[in-house]
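A short worksheet on the structure shown next.
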Amino acid sequence: MNFSVIIAYAVTLVISTSNRYRFLDEAFRMYFPINSSSPGFLTTAGCMETVVCNEKEQMVVLRQIKVLHDKLNDVVELVNYCFSVQITFCVGLCFVIGVVCSFGLFKTLIYWDELYFMGIMNFIWYLYYLFFVLFFIAVGSKITREGKHIGVLVHKAINCSTSSAVINELSIFSQQLLHRSPVITCGLFVYDWTLLYTMLGATATYLIILIQFDVSIQNPTNLNDTATGT
C-alpha cells in the first residue's frame with residue numbers, strides 16, 4: 001500500500017510539472033510571434049490573436065521564462081533523484097511478474113489444469129503494476145515532448161523576430177534548452193515509450209526461452225533420442 005502511495009505521489013508530481021511546461025509554452029506564444037506571415041498566435045477557439053508588446057517587454061518576459069524553465073528543470077532532477085529507485089523497482093517487478101505470469105498463463109491454457117484461475121489472478125496482478133508503469137511512461141514522454149516543443153517555439157521566434165537584442169536573448173535561451181532539457185530517467189534508461197517497447201521485446205524473448213525449456217522437460221524422450229543419435 002505504501003509503495004502504491006509513493007508511486008501515485010511521484011506520478012502526480014510529474015503530471016503537475018508537465019502542465020507547468022505546457023503553461024510556459026503558452027506564455028511564450030503570447031509574447032513572441034512564431035508565424036512570419038502574421039505576428040500572432042492561435043487560441044483554442046481557432047482565432048488569431050496579435051502579439052502586442054514592445055522589445056522591452058519581450059526582454060523582461062523572456063528572462064522570467066528562462067528562470068521558470070530552469071526551476072522546472074530543477075524539479076525534474078529532484079523527481080529523478082527522489083523516486084528513481086522506487087520507479088525502477090516498479091518497472092523491474094512489472095517485467096519479472098510479466099514474464100512469470102505470461103508463462104504460467106500459457107501453461108494453464110495449454111494443459112488446462114487446476115491452476116487456471118490462479119494464472120488469471122496472477123495476470124491481473126501483473127496488470128496492476130503495468131498500469132503504474134504505463135502511466136509514468138506516458139507522463140515522462142509528455143514532459144520530454146513539452147521540453148522539445150518550447151525549443152521549436154524559440155527557433156520560430158528567432159526567425160520571426162526583427163530585434164537583434166531579442167534574437168540574442170532567444171539564442172541564449174536556445175542554448176539553455178539544448179544543454180538542459182527535461183528528461184525523466186533513473187540513470188540507466190529514460191522513461192519513455194521506447195522503454196515499453198524494450199520491455200515487451202524482452203518479455204517475449206524470455207517467454208520463448210521458458211516455453212522451449214518446458215517443452216524439452218515435458219518430452220525427455222526427444223533428448224534421449226538426440227543423445228543416442230550423437
Side-chain angles (χ1 to χ4, degrees), residues 1-19 76 79-148 181-230:
M1 182 64 183
N2 293 332
F3 180 77
S4 301
V5 172
I6 293 175
I7 296 298
Y9 176 71
V11 170
T12 304
L13 185 60
V14 173
I15 290 176
S16 177
T17 306
S18 176
N19 291 333
V76 172
V79 171
N80 294 334
Y81 178 77
C82 296
F83 299 102
S84 60
V85 176
Q86 292 87 345
I87 298 173
T88 304
F89 176 78
C90 183
V91 172
L93 189 62
C94 178
F95 172 71
V96 173
I97 294 177
V99 174
V100 175
C101 289
S102 299
F103 178 66
L105 188 61
F106 168 79
K107 290 195 64 175
T108 54
L109 290 176
I110 294 298
Y111 301 109
W112 200 261
D113 54 12
E114 66 276 3
L115 298 178
Y116 175 75
F117 293 103
M118 181 64 69
I120 296 293
M121 292 300 298
N122 290 334
F123 192 77
I124 294 175
W125 186 248
Y126 161 68
L127 294 179
Y128 169 77
Y129 284 100
L130 184 63
F131 170 77
F132 287 106
V133 173
L134 290 178
F135 205 71
F136 202 84
I137 286 176
V139 177
S141 299
K142 184 179 179 182
I143 282 187
T144 304
R145 185 171 60 252
E146 294 292 342
K148 292 181 179 179
S181 57
V183 176
I184 302 297
T185 178
C186 66
L188 298 176
F189 42 79
V190 178
Y191 295 103
D192 55 8
W193 291 112
T194 58
L195 175 61
L196 177 63
Y197 305 146
T198 304
M199 290 178 59
L200 293 177
T203 301
T205 302
Y206 283 101
L207 184 60
I208 291 173
I209 294 173
L210 290 175
I211 292 174
Q212 290 176 345
F213 273 108
D214 182 69
V215 171
S216 63
I217 293 174
Q218 293 293 333
N219 300 289
T221 56
N222 295 334
L223 295 178
N224 295 332
D225 295 340
T226 303
T228 303
T230 56

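This is a predicted model, so every value here is computed, not measured.
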Problem set entry | Any residue meeting side chain to side chain contact (heavy atoms under 4.5 Å, CB included) with V100, in chain and number order, not counting sequence neighbours | V96
Problem set entry | Over 12 non-hydrogen atoms of neighbours within 6.0 angstrom of CZ in F189 | yes
Problem set entry | Beyond-backbone contact of Y191 with V91, side-chain heavy atoms, under 4.5 angstrom | yes
For this session: Decide yes or no for V14 and F83: does some side-chain heavy atom of the first lie under 4.5 Å from some side-chain heavy atom of the second?
Result: no
Exercise. What are the two closest heavy atoms between T88 and C186, and how far apart are they?
Worked result: OG1-CB, 3.2 Å
For this session: Please confirm whether the backbone N or O of T194 pairs with a side-chain atom of T198, one donor and one acceptor, at under 3.5 Å?
Result: yes
For this session: Mind checking the CG-NZ spacing from N19 to K142? Nearest 0.5 Å is all I need.
Result: 5.0 Å
Problem set entry | Separation of S18 OG from I15 CD1 (nearest 0.5 Å) | 8.0 Å
For this session: Apply the test side-chain contact (heavy atoms from CB on, under 4.5 Å) to residues S141 and I137: give CA-CA distance (whole Å), side-chain angles for both, the deciding distance (0.1 Å), then the verdict.
Result: CA-CA 6 Å; S141 299; I137 286 176; 4.2 Å; yes
Exercise. Between P182 and G147, which heavy-atom pair has the shortest distance, and what is it?
Worked result: CG-CA, 3.7 Å
Exercise. Looking at Y126 versus Y128, is the centre-to-centre ring distance below 6.0 Å?
Worked result: no
Exercise. Under the side-chain contact (heavy atoms from CB on, under 4.5 Å) criterion, do C90 and V133 qualify, and how do the steps go?
Worked result: CA-CA 7 Å; C90 183; V133 173; 4.0 Å; yes
For this session: Check whether any side-chain N or O of T205 sits under 3.5 Å from a backbone N or O of G201 as a donor-acceptor pair, and report yes or no.
Result: yes
Problem set entry | Point-to-point distance, once rounded to the nearest 0.5 Å, from SG of C101 to CG of L207 | 11.5 Å
Exercise. Hey, mind stepping through V99 and L210 against side-chain contact (heavy atoms from CB on, under 4.5 Å) and telling me if it holds?
Worked result: CA-CA 9 Å; V99 174; L210 290 175; 3.7 Å; yes
Exercise. Which atoms form the tightest heavy-atom contact between C94 and M199, and what is the distance?
Worked result: SG-CE, 4.2 Å
For this session: Evaluate the ring planes of F131 and F135, with Trp represented by its six-membered ring, and classify them as parallel (under 30°), tilted (30 to 60°) or perpendicular (over 60°).
Result: parallel
For this session: Would you check if the distance from the ring center of Y206 to the ring center of F103 is below 6.0 Å?
Result: no
Problem set entry | Backbone N/O of V183 and side chain of N80: donor-acceptor pair under 3.5 Å | yes
Problem set entry | Derivation and outcome, side-chain contact (heavy atoms from CB on, under 4.5 Å), residues L196 and W193 | CA-CA 5 Å; L196 177 63; W193 291 112; 3.6 Å; yes
